[in-house]
Undergrad: 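Here it is, the structure in full.
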Amino acid sequence: MPKAFTPKVVTANALLEGDVIYLAADDSWVRSLSQAEVLTDEAVAQIRLLDASARHAEAVGVYLADVAPSDEGPQTTHFRETFRATGPSNYAHGKQVEG
């Protein structure tokens, strides 16, 4: 039996800066998970993924990541995504300084 679809966001890395980015509902790329569009329908998620994957001049490594909706916005459900959302780990810069 197939696994039930769970909420997801479209994520990738910005082509020029390398930052982790998320697809927002208005088709813009945002750097904050809290601004990402949460996809709850599998068919819509696949269409959003295909559309985002075609934007080669903006993003690389586009994929769907599991999230859990909350009052504060989507929350990661896997360590890898938590790690990516907090930014580089070699020293405090970027998202770590801002947060």
Side-chain angles (χ1 to χ4, degrees):
M1 182 172 191
K3 183 179 170 187
F5 184 80
T6 57
K8 303 198 184 320
V9 295
V10 176
T11 185
N13 288 90
L15 180 65
L16 299 179
E17 300 89 5
D19 291 344
V20 174
I21 53 178
Y22 304 95
L23 192 61
D26 65 358
D27 283 334
S28 66
W29 289 109
V30 295
R31 286 170 166 69
S32 174
L33 178 59
S34 64
Q35 298 173 320
E37 176 185 23
V38 177
L39 304 164
T40 56
D41 180 276
E42 187 171 10
V44 172
Q46 290 301 319
I47 291 169
R48 298 290 282 154
L49 177 64
L50 288 172
D51 289 344
S53 296
R55 295 165 67 174
H56 304 288
E58 302 168 350
V60 295
V62 181
Y63 66 95
L64 293 172
D66 291 322
V67 293
S70 76
D71 292 338
E72 294 82 37
Q75 302 295 311
T76 60
T77 61
H78 191 277
F79 171 75
R80 177 177 191 249
E81 297 310 319
T82 303
F83 188 76
R84 290 181 76 240
T86 58
S89 62
N90 54 349
Y91 60 92
H93 59 113
K95 293 180 184 180
Q96 293 173 345
V97 172
E98 297 163 6

Undergrad: Does any part of the side chain of Pro69, heavy atoms only, come nearer than 4.5 Å to the side chain of Pro7, both counted from C-beta?
TA: yes
Undergrad: Do Lys3's NZ or CZ and the ring of Phe5 fall within the cation-pi criteria of under 6.0 Å and 45°?
TA: no
Undergrad: Can you name the nearest heavy-atom pair linking Ala36 to Val9, along with the distance?
TA: CB-CG1, 3.9 Å
Undergrad: For Asp26, enumerate each residue passing the side-chain contact (heavy atoms from CB on, under 4.5 Å) test, keeping only those at least two apart in sequence or located in another chain.
TA: Ala24, Ser28
Undergrad: Evaluate the side chain to side chain contact (heavy atoms under 4.5 Å, CB included) criterion for residues Leu64 and Gln46: first the C-alpha distance (whole Å), next the side-chain angles of each, then the deciding distance (0.1 Å), finally the verdict.
TA: CA-CA 9 Å; Leu64 293 172; Gln46 290 301 319; 3.7 Å; yes
Undergrad: By side-chain contact (heavy atoms from CB on, under 4.5 Å), which residues pair with Asp51, not counting sequence neighbours?
TA: Ile47
Undergrad: Taking side chain to side chain donor-acceptor pair (under 3.5 Å) as the definition, give me every residue that meets it alongside Thr40, ordered by chain and number, with sequence neighbours left out.
TA: none
Undergrad: For Glu17, check salt bridge (Lys or Arg N to Asp or Glu O under 4.0 Å) against everything at least two apart and list the hits.
TA: Arg31
Undergrad: Identify the two heavy atoms, one from Ala45 and one from Leu39, that lie closest to each other, and give their separation to 0.1 Å.
TA: CA-CD1, 3.8 Å
Undergrad: Which distance, rounded to the nearest 0.5 Å, do you find between the OG1 of Thr86 and the CG of Leu33?
TA: 11.0 Å
Undergrad: Ignoring hydrogens and geometry beyond distance, is a side-chain donor-acceptor pair present between Asp66 and Thr6 at under 3.5 Å?
TA: yes
Undergrad: Can you name the nearest heavy-atom pair linking Ser32 to Ser34, along with the distance?
TA: OG-OG, 2.8 Å
Undergrad: If Ile, Leu, Val, Met, Phe, Trp and Tyr residues are connected whenever their side-chain heavy atoms lie under 4.5 Å apart, and connections chain through other members, are Val10 and Leu15 in the same group?
TA: no
Undergrad: Using the salt bridge (Lys or Arg N to Asp or Glu O under 4.0 Å) criterion, which residues pair with Asp41? Sequence neighbours excluded.
TA: none
Undergrad: Can you find a pair of side-chain heavy atoms, one from Thr11 and one from Ile21, that are under 4.5 Å apart?
TA: no
Undergrad: Ignoring hydrogens, what is the shortest heavy-atom contact between Ala68 and Thr77? Give both atom names and the distance.
TA: N-CG2, 3.6 Å
Undergrad: Distance from Asn13 atom CG to Asp19 atom CG, nearest 0.5 Å?
TA: 8.0 Å
Undergrad: Would you list the atom pairs, donor with acceptor, under 3.5 Å between side chains in residues 53-63 and any protein atom, with sequence neighbours excluded?
TA:
{"from": "Ser53", "atom 1": "OG", "to": "Leu49", "atom 2": "O", "distance (Å)": "2.8"}
{"from": "Arg55", "atom 1": "NE", "to": "Glu58", "atom 2": "OE1", "distance (Å)": "2.5"}
{"from": "Arg55", "atom 1": "NH1", "to": "Asp27", "atom 2": "O", "distance (Å)": "2.8"}
{"from": "Arg55", "atom 1": "NH2", "to": "Asp27", "atom 2": "O", "distance (Å)": "2.8"}
{"from": "Arg55", "atom 1": "NH2", "to": "Glu58", "atom 2": "OE1", "distance (Å)": "2.8"}
{"from": "Glu58", "atom 1": "OE1", "to": "Trp29", "atom 2": "NE1", "distance (Å)": "3.0"}
{"from": "Tyr63", "atom 1": "OH", "to": "Arg80", "atom 2": "NH1", "distance (Å)": "2.7"}
{"from": "Tyr63", "atom 1": "OH", "to": "Glu81", "atom 2": "OE1", "distance (Å)": "3.3"}
{"from": "Tyr63", "atom 1": "OH", "to": "Glu81", "atom 2": "OE2", "distance (Å)": "2.5"}
{"from": "Tyr63", "atom 1": "OH", "to": "Arg84", "atom 2": "NH1", "distance (Å)": "2.9"}

